[in-house]
Amino acid sequence: MNIDGNCNRRPKEGFSDENDDESCSSDRETKKKDLNGIITSLTLLEEQGNGDRHEQNDKFREEKSIMESTRNKKARTVLELHSNLQDYYSEIEETDRVKRKKSCATAATTVSEMEKQSSNGGSGKCESGQGQGQGQQRRLWVKERSNAWWDECNRPDYPESEFKKAFRMSKSTFELICEELNAVVAKEDTTLRNAIPVRQRVAVCIWRLATGEPLRLVSKRFGLGISTCHKLVLEVCSAIRSVLMPKYLQWPNEDNLRKIKQEYESISGIPNVVGSMYTTHIPIIAPKISVAAYFNKRHTERNQKTSYSITVQGVVDPTGVFTDVCIGWPGSMTDEQVLEKSALFQRAKNGGLLNGVWVVGSSGYPLMDWVLVPYKQQQLTWTQHAFNEKIGEIQRVAKEAFGRLKGRWSCLQKRTEVKLQDLPVVLGACCVLHNICEMMKEGINPELTTEVVDDEMVAEDGMRSVSSLKARDAIAHNLLHHRFAGTAFL
């Protein structure tokens, strides 16, 4: 702003009056005051803007703190409910154990008295209804049931196709499982009755898992009591989990990891991928306690029917074989929360199991140093679209594996009669049997394969590592510029 311009020109124009000098001086003072006022106003506006920004930042931090606090409260509530549920079922198991112990003692006393009577040559009516006779050995009465169906299946010349249709596996694979479990499952004959053969014990369990039929129908098929069938299913599943799981479901060694990396890179072009991770839900009957923890809101809204579930998180290799599973957390938990509770997460966090490698997950998982997930924002670049397309191919491997798992073992598609505390054992056995079938190249009837539908929720804390964010951007760049990416997104 030119304050002195007019006053400087006046002497040149011939004006030399003192009043004019005073007027110029007054104008300069007025204009300086105006300029100072403008500067003051701008300073005040700038201070007000800074104050608004600080206020917005404080509000944002307050909202973030509230969200984190709410999330932590929800997590603690779920854990408390789960802990209470475990305590409740532990008490039930202890009560059942005491009852079984008393029943065994009573049965032993009865057998001892019967043996004394037999040795004394006593006569009387046999409990089996076979008549009277001196010195005849007594035995418990057993209801006669027809096991013609199983006898037919057990014949050596029974058609292979029919056997596989019933048990979801070939005879050779069935024999392998029987041989592996023989030492644990086999029972000895007693004076009261003959023991159920190992093949029949294993067949009861596998047929029940494969068809998901009620125990009443299983009982008719195999000519056994309903309670006996239920007991056999749990015993064989427990044996599969304890004996076969360490052998057929384990994290790969270095040599196998190298092969897995190569196969996944050939599928997608993404290097250092050692597994595809997915979490599915298994429907259950509403539990008696902690109902809210197992309530599945997303399935309820989609099916228009109240749904309860437990989760199964699995990591699979390129052939669809499970290398890690986490089973049994309540259905109200998100994929992110289930991952945090898994043994895989703890091993990766504490032991460095997954240094320098990736496990690919869906948008329901957070981006971490070892978990690679797709871009989740609405507006994506071509590079990000191409990356999401390739990572979807890896995710498809896990989804198809879970589809075959649920297709082979139909019990996973419907609410089961198994108690909630026994479900992790049954589900673990299904995963092991799935691995055995996959390793033995047992095909599955396309009609049995089911499409896995689990509503994915974007992780609340979507990015936990800045270095992994940069690594994902580098991978996406290499995919597009080295022509590994497709053009399906165009």
Side-chain angles (χ1 to χ4, degrees), residues 56 60 64 67 257-280 298 302 313-320 323 334-340 344-345 348 354-403 449 451-490:
Q56 290 177 355
F60 175 76
K64 183 177 180 181
M67 290 176 63
L257 281 178
R258 193 178 304 109
K259 296 177 182 177
I260 291 173
K261 291 178 186 178
Q262 293 173 353
E263 292 181 25
Y264 270 127
E265 188 167 3
S266 66
I267 293 173
S268 64
I270 301 177
N272 297 322
V273 175
V274 297
S276 179
M277 181 166 56
Y278 188 78
T279 299
T280 191
R298 299 180 297 281
R302 186 178 66 250
Q313 174 190 282
V315 179
V316 303
D317 67 12
T319 63
T323 56
T334 63
D335 295 352
E336 179 183 9
Q337 292 171 332
V338 174
L339 174 63
E340 290 175 349
L344 179 67
F345 182 89
L354 297 168
N355 287 338
V357 297
W358 296 108
V359 173
V360 171
S362 65
S363 58
Y365 300 102
L367 178 64
M368 303 170 63
D369 289 332
W370 56 278
V371 178
L372 189 63
V373 299
Y375 291 97
K376 304 169 187 177
Q377 60 265 31
Q378 293 293 330
Q379 301 296 328
L380 298 177
T381 64
W382 279 22
T383 303
Q384 293 169 344
H385 269 296
F387 176 83
N388 284 3
E389 178 187 343
K390 285 301 179 181
I391 211 172
E393 295 178 3
I394 299 178
Q395 264 287 286
R396 194 176 301 114
V397 175
K399 278 193 172 185
E400 291 176 354
F402 272 102
T449 304
E451 182 180 358
V452 179
V453 179
D454 292 288
D455 299 322
E456 298 175 359
M457 296 182 62
V458 176
E460 294 182 5
D461 188 4
M463 194 272 292
R464 301 190 183 183
S465 170
V466 177
S467 60
S468 60
L469 184 65
K470 295 179 180 178
R472 180 175 66 175
D473 290 340
I475 293 173
H477 176 83
N478 290 335
L479 285 176
L480 186 65
H481 293 279
H482 290 80
R483 299 183 180 180
F484 287 116
T487 57
F489 58 90
L490 296 177

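Here the structure is a predicted model, which means the values were calculated and not measured. Numbers here are sequence positions counted from 1.
Across Val316 and Ala401, no two heavy atoms sit closer than the pair CG1-CB, 4.0 Å. Here the closest non-hydrogen pair linking Ile394 and Ser268 is CD1-OG, 3.3 Å. The minimum heavy-atom distance linking Gly361 with Pro374 is given by the pair O-CD, 3.4 Å. In plain terms, the two heavy atoms of Ile391 and Leu372 that are nearest each other are CD1-O, 3.7 Å. The heavy-atom pair separating Val373 from Pro366 by the smallest distance is CG1-O, 3.9 Å.
Note: Ile260 CD1 to Ser276 OG = 11.5 Å, rounded to the nearest 0.5 Å. Between Leu257 atom CG and Thr323 atom OG1 the span is 8.5 Å, to the nearest 0.5 Å. Put simply, CG on Leu339 and OG1 on Thr279 are 7.5 Å apart, with the number rounded to the nearest 0.5 Å.
Side chains of Asp335 and Ser362 form a contact here, defined as non-hydrogen atoms less than 4.5 Å apart. Phe387 places none of its side-chain heavy atoms less than 4.5 Å from the side chain of Trp382. Between Met368 and Trp358 there is no side-chain heavy-atom pair separated by less than 4.5 Å. Lys390 is not listed as a side-chain neighbour of Ile267, based on a closest heavy-atom distance of 4.5 Å or more. For the pair Val452 and Tyr278, the minimum side-chain heavy-atom distance is below 4.5 Å. By the 4.5 Å heavy-atom criterion applied to side chains, Glu265 and Val273 are not counted as neighbours.
Annotation: side chain to side chain donor-acceptor pair (under 3.5 Å) contacts of Asp473 (sequence neighbours excluded): Tyr375. Under the side chain to side chain contact (heavy atoms under 4.5 Å, CB included) criterion, Val357 pairs with Lys261, Val274, Leu354, sequence neighbours left out. For Tyr264, there are no ring pair (Phe, Tyr, Trp, His ring centres under 6.0 Å) partners two or more places apart in sequence or in a different chain. Annotation: side chain to side chain contact (heavy atoms under 4.5 Å, CB included) contacts of Glu400 (sequence neighbours excluded): Arg396, Arg404. Legend: residues meeting side chain to side chain donor-acceptor pair (under 3.5 Å) with Thr319, ordered by chain and number and at least two apart, are Asp317. Checked against side chain to side chain donor-acceptor pair (under 3.5 Å), Glu451 has no partners two or more places apart in sequence or in another chain. The side chain to side chain donor-acceptor pair (under 3.5 Å) check on Ser467 picks up Asp369, Ser465, with sequence neighbours excluded. With sequence neighbours excluded, no residue satisfies salt bridge (charged side-chain N to carboxylate O under 4.0 Å, His left out) with Glu263.
A donor-acceptor pair under 3.5 Å is formed between the side chain of Gln384 and the backbone N or O of Thr381. Proximity of a side-chain donor or acceptor of Arg472 to a complementary backbone N or O of Leu367 within less than 3.5 Å is not detected. With hydrogens and angles ignored, the 3.5 Å screen pairs a side-chain donor or acceptor of Gln395 with a backbone N or O of Met277.
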- Task: Evaluate the side chain to side chain contact (heavy atoms under 4.5 Å, CB included) criterion for residues Tyr365 and Thr334: first the C-alpha distance (whole Å), next the side-chain angles of each, then the deciding distance (0.1 Å), finally the verdict.
- Result: CA-CA 9 Å; Tyr365 300 102; Thr334 63; over 6 Å; no
